2 protein chains.
Amino acid sequence: MEARIVKQIKKIVGQENVLSNIEDRICYSYDGTFKRGIPDIVVFPGNTEQVVHLVKFANIEKLSVFPRGAGTGLSGGSIPQDGGIALVLTRMNKIKEINNQDLLAVVEPGVITGHLHEEVEKQGLFYPPDPASLKTCTMGGNVAENAGGPRAFKYGVTKDYILGMKVVTPTGELMHVGGRTVKNVTGYDLTRLLTGSEGTLGIITEITIRLLPKPKEKKTALVIFNTLEDAATTVTAIICEGVIPATLELMDKITINCVEKNIKMGLPLDAEAILLIEVDGSEVQVIEEIAIIEKVCRKNLCRDVQVASLPEDRERLWKARRAVSSAIVQLKPTKISEDATVPRSQIPEMVRRLRGISEKYKLHLPVFGHAGDGNLHPNILADKNDPEEMERVEKAVAEIFQAALDLGGTLSGEHGIGLMKKPYLEWELGEVGLKYLKAIKSAVDPNNILNPGKVF
Amino acid sequence: MEARIVKQIKKIVGQENVLSNIEDRICYSYDGTFKRGIPDIVVFPGNTEQVVHLVKFANIEKLSVFPRGAGTGLSGGSIPQDGGIALVLTRMNKIKEINNQDLLAVVEPGVITGHLHEEVEKQGLFYPPDPASLKTCTMGGNVAENAGGPRAFKYGVTKDYILGMKVVTPTGELMHVGGRTVKNVTGYDLTRLLTGSEGTLGIITEITIRLLPKPKEKKTALVIFNTLEDAATTVTAIICEGVIPATLELMDKITINCVEKNIKMGLPLDAEAILLIEVDGSEVQVIEEIAIIEKVCRKNLCRDVQVASLPEDRERLWKARRAVSSAIVQLKPTKISEDATVPRSQIPEMVRRLRGISEKYKLHLPVFGHAGDGNLHPNILADKNDPEEMERVEKAVAEIFQAALDLGGTLSGEHGIGLMKKPYLEWELGEVGLKYLKAIKSAVDPNNILNPGKVF
């Protein structure tokens, strides 16, 4: 990068907030995928005005800008794949307001999601979205990729909690979208358009989020099934009883075996499926709901139900689910984590197809995830240094996407498209849909400055 | 309209599905506002393909297309204000699927919202959005304007239930957006962008909606307050107890007086506010919640609480709320129904300001609406044949919008912008926001065919 440009950028954000050594730049070259791209410069703006100046300057100099938070994304959405500016928003990490009358909070994009959870819960409030990376990921990234998590089944994903934002447009202008009210139909819904736009339509510098009252009680059930079909039927049967659990997580046999090998909590190695079900609400409500769930599980031929109410007992059951990621990577070092999502009724068929794909390409393919909303996580375990295996992975991934679409599903439930899934985007959106997306992008980012090459 | 063009349109949809007499065209010149605009032709397509052909033809001939359903809108969103084609989607009124496993339905845009309610409830399912016009309004219009209703407080508005759509783009191409899964982050969220876009970005020809299990029980409380402040404090206090009622409706003193005069149900004429609160859920849940609500109301100095559980008793309490619209129009014939929305905590201040505006301009201004989400309905009653009064109305409306924005609110909570509010749009969105909206519109509708002149 030209010294003249580096000098100007340092002038905008301060010398101490710029990294240009190769060692430093490599640290900002990756996310949670195996994709890499080294930025020409790494910049840490401290406020919205600096972001405005940086983006204006980038438009003048025709520099690509790659906004990012903690880099935990699973789509390659924040990778600076052709150099340019890595714009890191982690310094902007203030919780500006928690308002228990209007049930909202105002946060900067660098706030860590788990930290926000803690702070609002201290005031008896609740921010539901809970991506697995919540202890490190940031709110800006969550909004940009529209993160989900286990609680999405009952409570929805990030987009369902975004009331408004301050956004720096791709041409470097400050825009306020949405506001502080739950109802708002003033103009097009830019709040929702920007949520999940993966940093291509604007840089989010402040977020107003909707909160809920914190549920008073929780109860958790770990349910073991002999067949996957019984587990899937149980999911639908619970919902048909009018019960919407806060989480409804599934683990298949391969996952169960990996977890048990790793943490030895006594899971039966011959079980085909485990459901981890949690209900929340008032005391009477959780007692009633867990009783219904237990009845439905037994009626649908589960092998065993363990129910826990105390936090430490619930935590023991959750241990199985939390151990999944670290357990499965012991199969192979490179984890390709997909999030193809199907309508709930198609879960058994999707799992059957995933098993077929696993056998066909001789790949480890444990399946776990959010059964309530059909958002499974088929994970392929491989070794990125083995090109022949990675070729098989690529073919398997394509077949996974095709299977999800065949069953009325979608490429991505909660990770986004980024770099990883963009070759497949047209399969789902069609030529017309893709053209519509591109028309929007070109209209608001005529110089193609913001996160170029992502999504499409 | 040239005979050649009329002939071509008749060829596309069939002669029997075209109206061109002035008497017929006048019938399609209005909506729920006092705005008028006579279309050059009225067309009733029977399927998506016909809509594609019509819009393609309109692009060739540069004809404006004004999509509409039942014409119950309150923003002028469907008015053909400069001639062109009124494209009426009421013939496309099939419920194509109700799926109780995947909790979804697929409907055509002409399906009447209330009819959908009935059909899904027969299967133990629930579609929450309940605009006041639900017995006549159509799903397409609900989606285009992002309709709300009393149940929005607990359940959200129309956009929270739209999974996917078939859309004819402004250039006449068929596009599928979204799908059949609750989680979907594949590409920009066009489903949400199109919801509430008031027919300017695409014509919706099929809608996939999310359903919920139908709540088993309901309980309703009518609560009378001596002061508006007590009522407002009660709303917040209920939420702080962790209870989210299905509906939380407010009526101010003027509204109470109109209603009582009209239906004589024994409402106290000196009360400053009534709250109508309904909870739903399982039996134990509604018993628990209504008890908490009653306690909170009494603690916050309500004058009286009446609780009803049986459908006929609940209906008696709801009678007061349902009588509002017909009662207030007896004050004056022209009703200007606004839906400026403020953060919940600002309701008392908003009502104070509305009273000031009413006095300043000597106008009848009853206030009622959805207190839970700050979505008040200040209604001005006037006579549209009295130009001097209508001038005062116009000034009062501008002050209402300014007051809502001053208090951190929005111009429109659930009616949309249409023609009525477009002069004020920039007050809320700013120059940059408005430019961003216009860029999107021009990019996808280069010939400005679809509902031109609406929103901005």
Side-chain angles (χ1 to χ4, degrees), chain A residues 101-103 146 148 152 157 169 173-177 179-190 192-193 195-197 213 216 236 239-240 242 282 284-285 288 341 343-345 373-375 408-414 416-417 425 428-430 432-433 436-437 439-440 442-444 455, chain B residues 100-103 146 148 152 157 169 173-177 179-190 192-193 196-197 213 216 236 239-240 242 282 284-285 288 341-345 373-375 408-414 416-417 425 428-430 432-433 436-437 439-440 443-444 455:
Chain A
Q101 291 219 337
D102 292 331
L103 293 180
N146 192 14
V157 295
T169 69
E173 292 179 292
L174 178 58
M175 174 166 80
H176 293 78
V177 303
R180 292 169 67 91
T181 60
V182 173
K183 284 184 176 172
N184 182 328
V185 289
T186 299
Y188 303 152
D189 195 343
L190 297 186
R192 303 287 175 127
L193 178 66
T195 304
S197 68
K216 291 195 172 60
T236 309
I239 294 163
C240 288
S282 72
V284 295
Q285 198 182 342
E288 183 185 34
T341 301
R344 192 181 304 115
S345 62
D373 46 32
N375 180 197
T410 178
L411 299 178
S412 180
E414 58 184 17
I417 300 301
L425 193 64
E428 180 166 342
L429 301 185
V432 179
Y436 203 100
L437 292 197
I440 293 174
S442 313
V444 302
V455 186
Chain B
N100 62 8
Q101 291 218 337
D102 292 331
L103 294 181
N146 191 15
V157 296
T169 69
E173 292 179 293
L174 178 59
M175 174 167 79
H176 294 79
V177 303
R180 291 168 68 91
T181 59
V182 173
K183 282 183 175 174
N184 182 326
V185 290
T186 299
Y188 303 152
D189 194 344
L190 296 186
R192 303 288 175 127
L193 178 66
S197 69
K216 291 195 171 61
T236 310
I239 294 162
C240 287
S282 73
V284 294
Q285 197 183 344
E288 183 185 33
T341 300
V342 293
R344 193 182 301 117
S345 62
D373 46 32
N375 181 199
T410 177
L411 299 177
S412 179
E414 59 184 15
I417 300 301
L425 193 64
E428 180 166 342
L429 301 184
V432 179
Y436 202 102
L437 291 198
I440 293 173
V444 302
V455 186

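Since this is a predicted model, take the numbers as computed values, not measurements. Naming: A, B, ... by sequence-line order, numbering from 1 per chain.
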Output the option from [options] having the highest count of non-hydrogen pairs under 4.5 Å with chain A.
options: B:L425, B:N375, B:V455; result: B:N375
options: B:A152, B:G242, B:G179, B:G196; result: B:G242
options: B:A443, B:G413, B:P213, B:G416; result: B:G413
options: B:C240, B:G148, B:G430, B:S282; result: B:S282

Side chain / backbone / both / neither for [X] at chain A, heavy atoms under 4.5 Å:
X: B:V177; result: neither
X: B:L437; result: both
X: B:S197; result: both
X: B:L190; result: side chain
X: B:E414; result: both

Donor-acceptor pair between B:Q101 and A:T236 side chains, under 3.5 angstrom: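 Short answer, no.
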No-hydrogen, no-angle side-chain donor-acceptor test under 3.5 Å, A:T181 and B:T410: no
Counterpart residues, side-chain contact (heavy atoms from CB on, under 4.5 Å), relative to B:D102 (two or more places apart): A:P343, A:R344, A:S345, B:N99, B:L104, B:R180
Choice from A:Q285, A:H176, A:M175 maximising heavy atom contacts with chain B below 4.5 Å: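 Answer, by heavy-atom pair count under 4.5 Å with chain B: A:M175.
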Gap separating the OG1 atom of B:T186 from the CG atom of A:L411, nearest 0.5 angstrom: 4.5 Å
Separation between CG of B:L193 and OH of A:Y436, rounded to the nearest 0.5 Å: 6.0 Å
For [X], which atoms come within 4.5 Å of any heavy atom of chain B: side chain, backbone, both, or neither?
X: A:I417; answer: both
X: A:E428; answer: side chain
X: A:L103; answer: both

Heavy-atom closest pair, residues A:D189 and B:R192: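 So the two residues come closest at CB-O, 3.7 Å.
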Sidechain N-carboxylate O distance under 4.0 Å for A:D373, B:K183: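 Salt bridge present between A:D373 and B:K183.
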A:N184 side chain reached by B:T341 side chain, heavy atoms, under 4.5 Å: no
Qualifying residues under side-chain hydrogen bond (donor to acceptor under 3.5 Å, both in side chains), relative to A:S412, sequence neighbours excluded: A:D339
